[in-house]
*Asks:* 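The following block contains the structure, expressed as C-alpha cells.
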2 protein chains.
Amino acid sequence: MNKNKENKPVTMRDVAQEVGVSVATVSRALRNPEVVSEALKSKIAAAIESLGYLPDPAARALASTRSDVIAVILPSISNNVFAAVMDGIYSAVEGTRYSVQLGYSRYAPLSEENLIRLFLRQRPAGMIVTGIDQTDAAQALLADAGCPVVQVMETGPAPHDLMIGFSHYDAARAATAHLIEQGYRNPGFLGARMDPRTQRRLHGFRDELRARGIDEGRRVHTTTRPSSVTLGGHLLAELLGVAPETDAIFCINDDIALGAMFEAQRRNLRIPDELGICGFNDMEMMGAAEPPITSVRTFRREMGEGAVQLILDALAGDVPEAGKVVDLGFQIMPRRSTMRGR
Amino acid sequence: MNKNKENKPVTMRDVAQEVGVSVATVSRALRNPEVVSEALKSKIAAAIESLGYLPDPAARALASTRSDVIAVILPSISNNVFAAVMDGIYSAVEGTRYSVQLGYSRYAPLSEENLIRLFLRQRPAGMIVTGIDQTDAAQALLADAGCPVVQVMETGPAPHDLMIGFSHYDAARAATAHLIEQGYRNPGFLGARMDPRTQRRLHGFRDELRARGIDEGRRVHTTTRPSSVTLGGHLLAELLGVAPETDAIFCINDDIALGAMFEAQRRNLRIPDELGICGFNDMEMMGAAEPPITSVRTFRREMGEGAVQLILDALAGDVPEAGKVVDLGFQIMPRRSTMRGR
DNA sequence: TTGACGAATGTAACCGCTTACATTACCCCT
DNA sequence: AGGGGTAATGTAAGCGGTTACATTCGTCAA
C-alpha cells in the first residue's frame, strides 16, 4: 500500500495529514529526530508504516541540495576484480540511507572525467574513483567536489582526500622476489591491458630483477589488449617463442595466469619444474586449479567496504580526516605452481 | 567551467539570462526542440556549451514526475553471468539520456521486492528485473509500475510486460542430449545455489534422461551453497563417492565445470574418455581450458542490450508492444571435454 | 482593413521535500 | 504576577526544473 486512492504515491503531506501535524514536523521526525517529541515521533512512525510512505529521493535531493547517493566510477564491469570491489561497496552501503550510483569509464580517462562531471551534478554524498590517474580537469573537479572523495585500488603519497588500496609496485616486487627465491633464474612477465596500475606492476617486476642483478632479456611480453584466459595462452606461446629460456612467469592477473597454465599443459611443460607460474589478485579459482596457482592476494572486497566506510566516517565525522590513506597491503599466496623447492 | 562566480552550479536560469530568454524556453529547447525556433536553439546551445551547463537530474525528476533512470535488479554482482548482462545494459544505455540504477537482491525474493518498491519511488523510465520468480507483492508492484518492465534471463508464457532471455529447461535438455549422443550412459548433474533458474535446468536434465529411458540413479548432486570452482571439485568428489558409475557430468555453470575438471585431473580421470564434462554459459575460459570444455553458450550481453532496447522502444513507441517476449536461444558448444566419439 | 489563427515565447504554478524563521506554550525566576 | 528562556511545532520560501495556460506577433483570408 504505497499508493493512495487516486493511485498516486503517498507523500509526506499524506503522512502529515494522517497524524494531524505539518509536513515540516514529519520531515524533522525523519531528518532530525532529536528535535521532535517522542509522542509525535511514534505517531508519525506509525502513520508512515500504515500508509507505506517512502520519501521521494528527487525531492529530497532538490530541497536539501544534497543527495544520498554515493557515486562510484570503475574502469570495467566484466573484470572480476572490480566486481569484488563493487560487492564490498554494496554490502557496506546496505542498511544505510545511501544508495550507489555506478559508472564505468572503460579505462578511458576522458570518459572518467565526463562521468565525474555528470555525477557531481547529483551533489553526491560521496564519491569513489579508481586509481590516481585522473585527467587534470578531473582532478580539479574532484578538488572541489564538495563531498568526501575516495580513491581506491592504490596507495600513494598525494591523495585527493581519502585513499584505500595497496601498492601495485610493492606487490609486484614481492611476487617477483618470490619467484627468484624459489630458484627461478629467468622469470618473465606477461601483461595485458597495460593501464597505469599494470604499468606500476611491471615497474616493480623490473626493479626487483635489477635489484637482484638479473637481466630481463626479452622476457617482458605485454599487450594493450584486454586480458582473458585465451590471451594468457597466446602470450605465453609468444613469450616462449622469443625467450625460450624463460623458467617462470609473473602474470599481470589470474586470467592470464590460468591461460598460461593451460598453454603450458598443452606443451607438456612440467609445472612448477620447467615453468613457474604466478598470478595476481588471487581469485577463488587459483587455489582450486590443478596444480594450484600461486598468486598475490589483494583485498578487493575490503577495499570497497573500506571506501564506503571512509565516506561514512567523513560524513559523520566532526573531525574530517582528510588526507587519510589506508594501505590494505597484499599477501603472496605460494602454491604448487611455483613450489620448485630450491 | 560548470560553476559560476559564487562557485554554485550553473543552472538553467543562468543559461536563460545569458541568452536573454525565459527558463521555459531553455527547458523547451532541451525537452521539446521542435517547438523552439532555430535561431534561439542555436544560441541556447552555445550558451549551454560556454557555461558548461548540466541539468540537475533531481529537479528534472521532481518537476516532470519522471526520471531518466532505468532501474536494474540482479541477484548478484560477483557472478560473472550477471556482469555480462550489466555490460550489455550499460553499453546500450550509453549515449542515451538515461542512466542506470543498479540493485542487488542477493537471490532473496523479499529483498528484491523491497528494491522494486524503493526504485519505483524514483519513477524510473524503465525497469529490468531478473527472472520470473518475484513475490506476489513484487508482481503487483510491477503490474502498475507505470513504466516498461523487462524480465531478463528467462522466457516464459506470461511476461509482465516485456521479456528477453532463453529457456533454461530447453538448454539443459539439449546439453543432456548432447552428452547422451556422445555415448555417455550414466550422466550426472552437479548443481549449486539452486535458485529457480537452476532448478529449471535440473528439470530439463531429468526430463531428458527420462525421455531416453535412462535412470538417474544417485547421480544428481546439488547443494544450495553458492557456486565456485572449489565447490565444483568438491561436488564431483562427492558425486563419485556415491555414484562411481558416473561417466559424464552436466554442471550447472562453468565454475563448477572447471572445478570438476581440475578434480578429475587430480584423480587422473581421462577426459573425455572416462569422464565427460559439460558446463553452462560458455564463459570465455571454457574454450581456453585444457582440455577445452563443452558448454552451453548463452547470450548474456545481448540480453542486457536487448532489455534496454525493449525499454527504449516502448518509451518511444507510439504502439506499446506489451507482452513481447524475445527468445535469444542458446547454443551447445561441443568441445574436447565431451568428444568421446561413439 | 480587420479578425482569426498558429507559431514562438513568457508567466507562473507546481513537483515533494527541507529549513530558516516565526510562533506558541510552558517552566522557572525574581 | 510578569518577563525571559527553551522546547516543540507551524509557516512559508525556496531547491531547479517542467508545463498548462496566457500573451505576443506576424500572416493571411474575407
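The chains referred to below are lettered A, B, ... by the order of the sequence lines, with proteins before strands, and numbering in each begins at 1.
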*Asks:* Distance check needed: D:dG16 C1' versus A:Leu62 CG, whole Å only.
*Replies:*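 Atom-to-atom, A:Leu62 to D:dG16, this comes out as 5 Å.
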*Asks:* Would the number of heavy atoms belonging to other residues, nucleotides or ligands and lying under 6.0 Å from CZ of A:Arg13 be above 12?
*Replies:* no
*Asks:* Using whole Å, report how far NZ of A:Lys41 lies from P of D:dA7.
*Replies:*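 Taking atom P of D:dA7 as the reference, NZ of A:Lys41 is at 14 Å.
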*Asks:* Under a 3.5 Å distance rule, please check whether B:Gln134 uses its side chain to pair with a backbone N or O of B:Leu110 as donor and acceptor.
*Replies:* no
*Asks:* Tell me the interatomic distance from B:Leu40, atom CG, to C:dG10, atom P, rounded to whole angstroms.
*Replies:*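 The distance from CG of B:Leu40 to P of C:dG10 comes to 7 Å, rounded to the nearest Å.
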*Asks:* Among C:dG10, D:dT9, C:dG16, which nucleotide has an atom closest to any side-chain atom of A:Ala63?
*Replies:* C:dG16
*Asks:* Can you tell which of A:Leu162, A:Val325, A:Ile132 makes a side chain to side chain contact (heavy atoms under 4.5 Å, CB included) with A:Gln151?
*Replies:*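 Checked A:Leu162, A:Val325, A:Ile132 against A:Gln151; only one passes side chain to side chain contact (heavy atoms under 4.5 Å, CB included): A:Ile132.
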*Asks:* To the nearest Å, give me how far apart CG (A:Asp68) and C1' (C:dT18) are.
*Replies:* 12 Å
*Asks:* Roughly, in whole Å, what's the span from CG in B:Asp56 to C1' in D:dG14?
*Replies:*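 For the pair B:Asp56 CG and D:dG14 C1', the rounded distance is 14 Å.
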*Asks:* Using five pairs at either end of the helix from C:dT1-D:dA30 to C:dT30-D:dA1, determine the angle between the two local helix axes and round it to 10 degrees.
*Replies:*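 Rounded value for the end-axis angle: 60°.
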*Asks:* Regarding B:Val36, tell me which of base, sugar-phosphate or nothing describes its non-hydrogen contacts under 4.0 Å with the strands shown.
*Replies:*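 B:Val36: backbone/sugar contact only, no base atoms under 4.0 Å.
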*Asks:* Compare side-chain N and O positions of A:Arg60 against OP1 and OP2 of C:dT18 and report whether any pair is under 4.0 Å apart.
*Replies:*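 Yes.
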*Asks:* Pick the nucleotide of DNA chain C nearest each of B:Thr65 and B:Val21; which residue has the one closer to the 5' end?
*Replies:* B:Val21
*Asks:* For the residue pair A:Gln139 / A:His160, report whether a side-chain donor-acceptor contact shorter than 3.5 Å exists.
*Replies:*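 A:Gln139 and A:His160 do have a side-chain donor-acceptor pair below 3.5 Å.
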*Asks:* How close or far is atom P of C:dG10 from atom CZ of B:Arg13, stated in whole angstroms?
*Replies:*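 Rounded to whole Å, this separation is 15 Å.
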*Asks:* Does B:Asp161 reach the main-chain N or O of B:Val149 with its side chain, forming a donor-acceptor pair under 3.5 Å?
*Replies:*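 Yes.
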*Asks:* In whole Å, I'd like the distance from the NZ atom of B:Lys43 to the P atom of C:dT9.
*Replies:* 10 Å
*Asks:* Heavy atoms only: give me the nearest B:Val36-B:Thr25 pair and the separation to one decimal.
*Replies:* CG2-O, 4.2 Å
*Asks:* With a 4.0 Å cutoff (strictly under), does any side-chain N or O of B:Ser37 reach OP1 or OP2 of C:dT9?
*Replies:* yes
*Asks:* Let's go through A:Leu328 and A:Ile164 carefully: what are the C-alpha distance in whole Å and the side-chain angles of both, what is the deciding distance for side chain to side chain contact (heavy atoms under 4.5 Å, CB included) to 0.1 Å, and is it a yes or a no?
*Replies:* CA-CA 7 Å; A:Leu328 254 26; A:Ile164 182 166; 3.8 Å; yes
*Asks:* Send over the distance from A:Arg66 CZ to D:dG14 C1', rounded to a whole Å.
*Replies:* 18 Å
*Asks:* Pairs under 3.5 angstrom, nitrogen or oxygen only, protein versus nucleotides 20-25 of chain C, please.
*Replies:*
none

*Asks:* Can you identify which nucleotide, out of C:dG16, D:dG17, C:dT18, has its nearest atom closest to the A:Ser64 side chain?
*Replies:*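 Out of C:dG16, D:dG17, C:dT18, the nucleotide with an atom closest to A:Ser64's side chain is C:dT18.
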*Asks:* Kindly indicate, with the supporting measurements, whether the criterion side chain to side chain donor-acceptor pair (under 3.5 Å) is fulfilled by B:Gln122 and B:Ser67.
*Replies:* CA-CA 7 Å; B:Gln122 302 190 35; B:Ser67 75; 4.9 Å; no
*Asks:* Check whether A:Ser64 reaches the backbone of A:Arg60 with its side chain - one donor and one acceptor, N or O, closer than 3.5 Å.
*Replies:*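 Confirmed, A:Ser64 side chain pairs with A:Arg60 backbone.
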*Asks:* Report yes if the side chains of B:Ile70 and B:Met127 come closer than 4.5 Å at any heavy-atom pair, otherwise no.
*Replies:* no
*Asks:* Answer yes or no: does a side-chain N or O of A:Ser27 lie under 4.0 Å from OP1 or OP2 of C:dT18?
*Replies:* yes
*Asks:* Respond yes when some side-chain nitrogen or oxygen of A:Ser22 is under 4.0 Å from OP1 or OP2 of D:dG10, and no when none is.
*Replies:* yes
